[in-house]
Amino acid sequence: MSQTLLKVSGLKVAYGGIQAVKGVDFEVHEGELVTLIGSNGAGKTTTMKAITGLLALNAGDIQYLGRSIRGRGPWDLVKEGLAMVPEGRGVFTRMTITENLQMGAHIRSGDKAGVAQDMERVFATFPRLKERRDQLAGTMSGGEQQMLAMGRALMSRPKVLLMDEPSMGLSPIMVDKIFEVVREVHDQGVTVLLVEQNASRALEIADRGYVMESGVISMSGEARDMLTDPKVRAAYLGE
Ligand code: ATP
């Protein structure tokens, strides 16, 4: 089996006295596209934030490349290849598209040629960003900002890309485009952990899936099996 890149074990995270994540275990192997699905408030975003060092753990451990990353900060983890596209995108609205992409590569300031090459690759994946390279990010549509957030994360040359609800709030055409691009990025060799409320679309492109419910993992399996599982279909695919 391929290498385990990310291993979450016994993860618990609380906000004050409220336990949002109550003991979660899952793994992501090299080259996989894994999705974490589940309804509103299930604890998916909290789990992602704990992995990327934005929230402290109450219990459990997170291993990346075989070593614990508990207590390490987001910048430090990006340098090691763990990049996140946050919920709500978080682009720098008063900077241009090109400047946003350059910010994504800030950890690689010594590698000008490589950065320029990656910028061209991002522009090839997202022609819309190329057309608007000098436009301020804040003046772009939600879908365009989502593409920019993904492009910016790719500029750090991640091994693992964590994405939190990339399809949220987008028009159906944009949702199609975003899922297509997630698949494309994965096909280029990036391991992906995708949090989505759009369970059927996420399972269609994923290798494996985990369902999160009230702070715990309630189901897991091969994505294609989950898509046809009557329990998953009834609870999460609107049937
Ligand atoms: P969504 O799809 O709505 O983002 P989610 O599965 O990502 O849902 P979380 O955002 O992780 O869920 O929330 C898990 C629980 O933690 C919820 O009950 C939520 O109200 C609570 N929670 C999230 N953020 C905070 C916070 N900053 N302070 C207090 N409670 C919070």
Side-chain angles (χ1 to χ4, degrees), residues 6-28 33-62 64 69-74 77 82-91 142-143 145-147 149-150 153 160-172 174-176 178-179 182 192-206 208-221 223 226-227 229 231-239:
L6 199 60
K7 184 176 166 70
V8 174
S9 23
L11 176 70
K12 291 186 184 174
V13 186
Y15 297 102
I18 303 166
Q19 280 286 334
V21 175
K22 303 171 184 165
V24 156
D25 302 275
F26 67 90
E27 290 184 4
V28 180
L33 198 171
V34 173
T35 186
L36 190 58
I37 57 176
S39 47
N40 252 319
K44 306 180 298 297
T45 297
T46 304
T47 300
M48 293 293 248
K49 285 185 173 167
I51 294 172
T52 50
L54 290 167
L55 283 174
L57 283 57
N58 287 106
D61 197 19
I62 298 165
Y64 174 58
I69 53 170
R70 197 176 166 161
R72 296 196 35 201
L77 294 172
L82 195 65
M84 167 123 158
V85 182
E87 192 174 14
R89 293 124 208 176
V91 299
Q145 290 192 22
Q146 183 62 50
M147 290 180 197
M150 287 169 72
V160 181
L161 187 63
L162 288 86
M163 276 184 263
D164 196 357
E165 306 231 8
S167 77
M168 193 170 63
L170 301 184
S171 68
M174 241 346 143
V175 170
D176 287 348
I178 291 296
F179 278 103
V182 172
V192 175
L193 176 60
L194 171 68
V195 161
E196 261 296 333
Q197 271 194 51
N198 196 334
S200 56
R201 298 301 298 273
L203 288 171
E204 276 164 18
I205 62 165
R208 290 190 304 115
Y210 292 90
V211 177
M212 203 164 174
E213 225 175 293
S214 308
V216 299
I217 301 283
S218 57
M219 277 183 255
S220 64
M226 292 175 82
L227 265 176
D229 183 322
K231 270 191 303 202
V232 177
R233 295 195 75 87
Y236 302 100
L237 307 181
E239 290 186 5

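Counting starts at 1 for both ligands and their atoms, following the listed order. All residue numbers refer to positions in the sequence shown, counting from 1.
For ligand 1, residues of the protein lying within 4.0 angstrom by heavy-atom distance are Tyr15, Ala20, Ser39, Asn40, Gly41, Ala42, Gly43, Lys44, Thr45, Thr46, Glu87, Glu165, Gln197.
With a 4.5 Å cut-off on side-chain heavy atoms, Asp25 and Ile217 do not count as touching.
In plain terms, the two heavy atoms of Lys12 and Gly23 that are nearest each other are CG-N, 3.5 Å.
Remark: Ile51 CD1 to Leu6 CG distance equals 5.0 Å, nearest 0.5 Å.
Tested against Tyr210, the residues Leu193, Val34, Thr35 include a single side chain to side chain contact (heavy atoms under 4.5 Å, CB included) partner, Val34.
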Requested in this report: Step by step, work out the salt bridge (charged side-chain N to carboxylate O under 4.0 Å, His left out) result for Arg201 and Asp176.
Outcome: CA-CA 9 Å; Arg201 298 301 298 273; Asp176 287 348; 2.9 Å; yes
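Note on residues 48-58: no pairs pass side chain to side chain donor-acceptor pair (under 3.5 Å), not counting sequence neighbours.
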